[in-house]
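Each remark here refers to the structure printed beneath this line.
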Amino acid sequence: MKIGISTGCFFPQETLQALERAGKLGVKYLEIFFNTHSELKEEYLLKIKEITQKYGMQVVSIHPYTSAIESFMFFSKFDYKLNDSVELYEAYFKACNILGCKYVVMHGCLLAYDFMDMKTYCNNVNKLSRRAREYGVYISQENVYNFKCGYIKNIEEFLKYADKDIKFTFDIKQAVKARQSIYKILDLTKDRISHVHISDYTGRKHSLVPFDGNFNFDRFFRYINNNTTAEAALVELYSPVIKDDIQIANALQKLKKYE
């Protein structure tokens, strides 16, 4: 198992600065959380690549800064937006090719969009995925709590209608926020999981640094190693919970036993 972090832990720090920070912590595997469109320009991407090579880091996946507006892009009532949005996401697929990674994480459609049924949802994601595959890249659907695929009933529909090569990113804190069974989601998506976002929690207090809560990481890693296709486990937190970088370094050290 590849153990690493998402640069989203350091949001809103600029990506190049976040990468330097990660490199100095000894991080070897990354999800890059892009902050803005200028970071997708080739010149900037080559600077990212230079830093990853400097520290011997490997990019596993990228997280679009446009995740929050995918509902308006790919799942609008106005079909003409879909083709334009697929073309816009080519910038992320090209970024993957430059950085040597395979997965683009997708939040999808807001739960509140009642008019968007899961069959139509999947038809739209399939169109995006097929364009991604032209670049050798995979779309990886995440279980985000206020989005449709944050919930088991919709995930079951997703698995029915989505192309078989669309992957799944499982996030612990999102399952906790949505009050969904972690192991039920893992069991449903086990043969699609590309990577997992890890954090800790206690009760309803989520997004804690690993080992600061009560989550059973031994059970979790035993399950994902034995039952899923997950390639990496990446710490993804909200920056306010990180008081000092030593917290991340200590967590990564403890997580090494699961590599």
Side-chain angles (χ1 to χ4, degrees), residues 6 8 11-12 31 33-37 61-89 91-92 103-132 138-163 166-189 192-197 199 201 203-207 236-241:
S6 165
F11 180 83
E31 178 168 282
F33 186 100
F34 285 100
N35 298 304
T36 185
H37 195 72
S61 54
I62 66 173
H63 194 297
Y65 73 95
T66 46
S67 290
I69 61 168
E70 285 173 347
S71 297
F72 308 107
M73 299 173 70
F74 300 102
F75 308 104
S76 168
K77 289 181 178 179
F78 307 103
D79 291 343
Y80 66 84
K81 289 185 178 183
L82 179 58
N83 289 335
D84 286 352
S85 298
V86 170
E87 287 185 17
L88 282 170
Y89 263 49
Y92 295 114
Y103 304 115
V104 174
V105 176
M106 184 174 198
H107 284 190
C109 180
L110 284 165
L111 191 63
Y113 275 40
D114 293 334
F115 64 86
M116 181 58 59
D117 64 90
M118 288 305 296
K119 186 172 184 180
T120 305
Y121 177 101
C122 291
N123 286 341
N124 292 4
V125 178
N126 289 343
K127 185 165 188 174
L128 177 65
S129 174
R130 290 164 192 171
R131 183 68 60 86
Y138 296 89
I139 296 299
S140 192
Q141 171 71 62
E142 187 176 7
N143 60 304
V144 182
Y145 86 103
N146 56 339
F147 287 74
K148 288 192 180 288
C149 280
Y151 296 85
I152 289 167
K153 64 177 183 178
N154 291 330
I155 293 172
E156 290 172 338
E157 291 290 292
F158 172 83
L159 296 173
K160 187 185 301 183
Y161 298 117
D163 284 355
I166 297 176
K167 306 300 181 180
F168 199 88
T169 300
F170 175 75
D171 189 303
I172 292 172
K173 66 180 173 299
Q174 298 292 347
V176 173
K177 289 167 72 175
R179 303 190 181 191
Q180 301 293 289
S181 167
I182 288 172
Y183 290 96
K184 175 65 173 176
I185 296 176
L186 289 173
D187 188 56
L188 283 171
T189 60
R192 286 186 184 250
I193 297 177
S194 57
H195 60 295
V196 297
H197 289 160
S199 54
Y201 72 95
R204 296 301 300 162
K205 191 174 182 180
H206 55 77
S207 192
E236 189 193 64
L237 305 168
Y238 302 129
S239 57
V241 307

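All values below were derived from every heavy atom in this structure, side-chain atoms included, with hydrogens, water molecules and symmetry-related copies excluded.
Looking at residues two or more places apart in sequence or on another chain, you find no ring-ring contact (aromatic ring centres under 6.0 Å, His included) involving Tyr65. For Ser199, the side-chain contact (heavy atoms from CB on, under 4.5 Å) partners two or more places apart in sequence, or in a different chain, are Ile172, Lys173, Leu237. Not a single ring-ring contact (aromatic ring centres under 6.0 Å, His included) links Phe158 to another residue, sequence neighbours left out. With sequence neighbours left out, the side-chain hydrogen bond (donor to acceptor under 3.5 Å, both in side chains) criterion links Ser6 to no other residue. With sequence neighbours excluded, the residues forming a ring-ring contact (aromatic ring centres under 6.0 Å, His included) with Tyr183 are Tyr223, listed by chain and number. Listed by chain and number, the residues in a side-chain hydrogen bond (donor to acceptor under 3.5 Å, both in side chains) with Thr66 are Tyr89, Tyr92 (sequence neighbours excluded). Every residue two or more places apart in sequence or in another chain was checked for a ring-ring contact (aromatic ring centres under 6.0 Å, His included) with Tyr145, and none qualifies. Looking at residues two or more places apart in sequence or on another chain, you find no side-chain contact (heavy atoms from CB on, under 4.5 Å) involving Ala68. Here Ser129 pairs with Arg133, Ile139, Asp165, Ile166 under the side-chain contact (heavy atoms from CB on, under 4.5 Å) rule; sequence neighbours left out.
Side-chain contact of His197 with Glu142: a donor-acceptor pair under 3.5 Å is present, judged by distance alone.
Among all heavy-atom pairs drawn from Val105 and Glu31, the shortest one is CG2-OE1, 3.3 Å. Here the shortest heavy-atom pairing between Cys149 and Phe168 reads O-CZ, 4.2 Å. Between His195 and Ser61, the shortest heavy-atom distance links the atoms NE2-OG, 3.2 Å. His107 and Val144 make their closest contact through CD2-CG2, 3.5 Å (heavy atoms, listed as atom of the first residue, atom of the second, distance).
Among Val104, Thr169, Thr189, the one residue that satisfies the side-chain contact (heavy atoms from CB on, under 4.5 Å) test with Ser194 is Thr169.
The side-chain heavy atoms of Ile155 and Lys184, taken from C-beta on, include no pair separated by under 4.5 Å. Pro64 places none of its side-chain heavy atoms less than 4.5 Å from the side chain of Met106. A heavy-atom distance below 4.5 Å is not found between the side chains of Asn146 and Leu111. With a 4.5 Å cut-off on side-chain heavy atoms, Phe11 and Asn35 count as touching.
Listed for the Glu70 side chain is a donor-acceptor partner under 3.5 Å among the backbone atoms of Gly108. Remark: the backbone N or O of Phe74 is paired with a side-chain donor or acceptor of Asn124 at under 3.5 angstrom. Side-chain atoms of Ser207 come within 3.5 Å of backbone N or O of Tyr238 as a donor-acceptor pair.
A distance of 5.0 Å separates CZ in Phe170 from CD1 in Ile185, rounded to the nearest 0.5 Å. The distance from the CG atom of Asp171 to the CD1 atom of Ile182 is 9.5 Å, given to the nearest 0.5 Å. With rounding to the nearest 0.5 angstrom, the NE2 atom of His63 is 5.5 Å from the CZ atom of Phe33. Here Phe115 contributes atom CZ and Cys109 contributes atom SG; the two are 6.0 Å apart, rounded to the nearest 0.5 Å.
Residue pairs meeting the salt bridge (charged side-chain N to carboxylate O under 4.0 Å, His left out) criterion with at least one member in residues 108-124, sequence neighbours excluded, do not occur. Identified under the side-chain hydrogen bond (donor to acceptor under 3.5 Å, both in side chains) test for residues 149-159, with sequence neighbours left out: Glu157-Lys160.
Using cut-offs of 30° and 60° on the angle between ring planes, the pair Phe72 and Tyr113 is perpendicular.
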Show the atom names and distances, to 0.1 Å, of all donor-acceptor pairs under 3.5 Å that link a side chain in residues 77-88 to residues at least two apart or in another chain.
{"from": "Asn83", "atom 1": "OD1", "to": "Lys127", "atom 2": "NZ", "distance (Å)": "2.4"}
{"from": "Ser85", "atom 1": "OG", "to": "Met73", "atom 2": "O", "distance (Å)": "2.9"}
{"from": "Ser85", "atom 1": "OG", "to": "Lys81", "atom 2": "O", "distance (Å)": "2.9"}

